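This structure is a prediction, so every number in the text was calculated from the model and none was measured. Basis for what follows: all heavy atoms, side chains included, without hydrogens, waters or symmetry-related copies.
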Amino acid sequence: MTTWSGAQAVSRRGLLRAGAAAGGLGALGALGACAGPTGSPGGDTLVLALNRSLVSLDNKLNQFEAAVTVQRAVRQALTRIGPDLTPRPVLAERFELTAPTEWTVRLRAGVRYSDGTPVTVADVATALEMYRSVNGSFLATFFQEWPEVVPLDARTFLLRSRNPLPTLDYLMANILITPAAANRPEELQDGVGSGPYVVTAANRGTGDYSLAANPRYWGTPPRTRRVEVRFLPEESNRVVSLRSGEVDVIDTLSPDSADQLRGLSQVRMQTTGGTRINQLFYNFRKPAGHPLSDPRVRRALTFAIDGRQLVDDVFTGSVAQATGPVPDTLAGAVRTGEYVHDPRRAREELAAAGVRDGELKLRIIWETGEFPNDTMVMEAVLQMLRDVGVRAELQQFEPGGDISQWRQGRGGDWDVIGNGFSTPTALAASALQGMFGSTPEDERSRDTYQGYVFPHIAELVRRATSEVDPRMRHELVSRAQREVWNTWPCLWAFVPRVVLAQRARVQDLSLEPTNSYELAAAGVSTP
């Protein structure tokens with residue numbers, strides 16, 4: 001964890017010039033000592049290099065997209081969100097809304113785990129209970145309520161709820177199924193799954209995993225027999241390793257790195273619109289009387305941020321400023337406003353809210369790798385805040401550290417967090433539920449998004465996510481987005497495009513808007 005203050009920051013112009021000269025990479029402190037892999041992969045092995053550590057083999061507490069690509073190759077769900085951002089069957093052969101508060105689900109015949117045992121209805125019920133019970137669950141925030149599993153026969157069951165859950169087929173795409181006896185309300189580090197791969201070696205400390213084709217897989221066998229997953233936090237290491245042929249796939253690239261790779265004969269690039277929003281999100285756990293508890297202060301601070309400068313000079317056009325509280329790529333998203341750079345207005349509105357020049361000091365925290373060029377962005381933001389009389393300090397966490405405790409308000413105090421929020425259902429309603437639909441009861445268990453609790457908004461989101469009629473649901477979702485925008489939850493936010501680079505020998509790897517892909521569908525050519 002690294003901390004520094006405004007006195008150590010260079011000017012914005014100097015920062016951007018230095019960043020360009022350094023290939024767009026920020027200082028990573030001790031992480032710079034991490035070395036790249038050695039040796040080229042074999043003809044039947046696909047090597048992935050991740051920029052964030054794969055800390056578990058299920059997704060109860062993390063929804064980092066590249067991690068989910070690997071996790072879903074080992075464990076599967078009833079459905080999955082396809083490239084067209086609609087649900088597709090996986091373990092379920094039937095998933096049908098048969099009553100306003102009832103879905104009928106039938107497991108596919110012959111689905112088995114890698115140890116040969118069958119996937120059962122009881123496993124689904126236990127999985128829902130474990131995802132519900134885990135402390136600080138990321139996915140729990142998407143569920144307005146947890147459905148009850150009502151068995152009908154060995155393969156058929158109902159998912160029954162008190163209120164309608166009209167998008168449950170989307171939501172269940174994120175509940176990975178594990179044998180009931182082995183499941184626990186925590187991140188699983190081992191165990192079997194029903195996916196096309198099994199884990200043969202794992203090192204949570206280094207973030208390195210080895211996968212092999214599941215010989216008992218119930219579906220189409222994976223095209224590549226072995227997959228190696230490596231954690232390389234330094235973007236320069238990932239780029240060099242890809243160019244040298246030591247790794248096959250890297251993702252979440254900065255614009256500078258993407259430019260270095262374009263045009264190389266042995267490298268292919270894929271880019272698509274994404275379902276993720278990156279934010280400088282306020283801490284809503286501040287006590288009454290704190291400046292950040294005042295929406296006028298939150299709004300005034302947004303005028304300090306030169307978003308256009310960040311988009312053009314740091315991200316070189318690879319992102320767009322957010323025009324609402326959720327990404328505009330999501331179904332049901334509407335434009336609610338825009339971020340405007342006006343330092344004079346920032347000073348005037350801060351003064352009107354009773355904040356004197358130099359009086360306010362902010363601590364900005366984030367985890368390295370949360371988004372490309374994160375350090376450059378934070379240093380530029382620090383300078384922009386200084387320009388309107390606001391002091392700030394930056395606190396940077398190493399990947400795999402304890403920032404999740406800080407997010408929950410258990411690790412330490414902070415004011416703004418650099419955060420990315422992925423919406424795995426690709427629905428605006430789900431994004432609203434995940435970020436802005438929490439209640440005071442949720443906050444008591446710390447199952448809220450940075451402490452954001454507005455009961456009237458939570459009720460509006462509840463109505464939106466429970467509405468069966470599509471037209472009425474869209475009206476409610478649109479209204480909820482406008483209400484959220486007016487609370488000014490972010491200092492600044494942007495929507496990135498998804499970028500992936502692969503060696504030419506990798507075949508049929510199709511990047512999806514969720515920044516993931518079907519690992520079993522990818523093959524490698526023999527040299």
query = Can a salt bridge be assigned to the pair Lys60 and Glu129 using a cut-off of 4.0 Å between side-chain N and carboxylate O?
reply = no
_Please evaluate residues Glu228 and Ser210 with respect to the criterion side chain to side chain donor-acceptor pair (under 3.5 Å), reporting the C-alpha separation (whole Å), side-chain torsions for both, the decisive distance (0.1 Å), and the verdict._
CA-CA 5 Å; Glu228 295 291 331; Ser210 297; 2.9 Å; yes
Glu148/Arg162 salt bridge by N-O under 4.0 Å criterion:
no
For a side chain to side chain donor-acceptor pair (under 3.5 Å) check, start with the C-alpha distance between Thr425 and Ser430, then their side-chain angles and the critical distance, and finish with the verdict. CA-CA 7 Å; Thr425 63; Ser430 293; 2.8 Å; yes
Notebook entry, point to check: Would you call Arg204-Glu187 a salt bridge at under 4.0 Å N-O?
Noted result: yes
### Message
I'd like to know if the side chain of Glu441 pairs up with that of Thr439 as donor and acceptor (distance under 3.5 Å, no hydrogens or angles considered).
### Response
yes
> Where do Val498 and Arg276 land on the side chain to side chain contact (heavy atoms under 4.5 Å, CB included) test, with the steps shown first?
Replying inline: CA-CA 9 Å; Val498 178; Arg276 185 178 184 84; over 6 Å; no
Checklist entry - Are Tyr452 and Thr487 close enough that a side-chain donor and a side-chain acceptor fall under 3.5 Å? => result yes
Inset, instruction - Go through the steps for Tyr113 and Ser194 under the test side chain to side chain contact (heavy atoms under 4.5 Å, CB included), then give the verdict. - result: CA-CA 4 Å; Tyr113 297 109; Ser194 62; 4.1 Å; yes
inquiry  = Under 4.0 Å between a side-chain nitrogen and a carboxylate oxygen: does that hold for Arg505 and Asp248?
reply    = yes
| Tyr449 ring center near Phe421 ring center (under 6.0 Å) | yes
Leu176 vs Gln76, side chain to side chain contact (heavy atoms under 4.5 Å, CB included): CA-CA, chis, key distance, verdict
CA-CA 5 Å; Leu176 304 183; Gln76 297 176 306; 5.8 Å; no
Angle between ring planes, Phe494 versus Phe315, binned at 30° and 60°: parallel, tilted or perpendicular?
tilted
Across all chains, not counting sequence neighbours, the ring pair (Phe, Tyr, Trp, His ring centres under 6.0 Å) partners of Trp406 are Phe397
Rounded to the nearest 0.5 Å, the CG atom of Leu57 sits from the CG atom of Leu211 at a distance of 8.5 Å
**Report entry** Donor-acceptor side-chain pairing of Thr104 and Thr98 below 3.5 angstrom
**Finding:** yes
Whether Trp146 and Phe143 hold their rings parallel, tilted or perpendicular, with breakpoints at 30° and 60° = parallel
Value for CD (Gln144) from OG (Ser161), rounded to nearest 0.5 Å, stands at 10.5 Å
Applied to residues 74-104, the ring-ring contact (aromatic ring centres under 6.0 Å, His included) test, sequence neighbours excluded, yields Phe95-Trp103
Could you go through the side chain to side chain contact (heavy atoms under 4.5 Å, CB included) check for Leu261 and Val239 one step at a time?
CA-CA 8 Å; Leu261 295 170; Val239 170; 3.9 Å; yes
By side chain to side chain donor-acceptor pair (under 3.5 Å), Asn283 pairs with (sequence neighbours left out) none
In Leu85, Thr275, Leu427, the residue satisfying side chain to side chain contact (heavy atoms under 4.5 Å, CB included) with Leu330 is Thr275
(message) One thing to verify: whether Arg106 and Asp153 come together as a salt bridge, which I'm taking to mean a side-chain N less than 4.0 angstrom from a carboxylate O.
(response) yes
field: Distance-only side-chain donor-acceptor flag, Arg72 / Asn174, under 3.5 Å
entry: yes
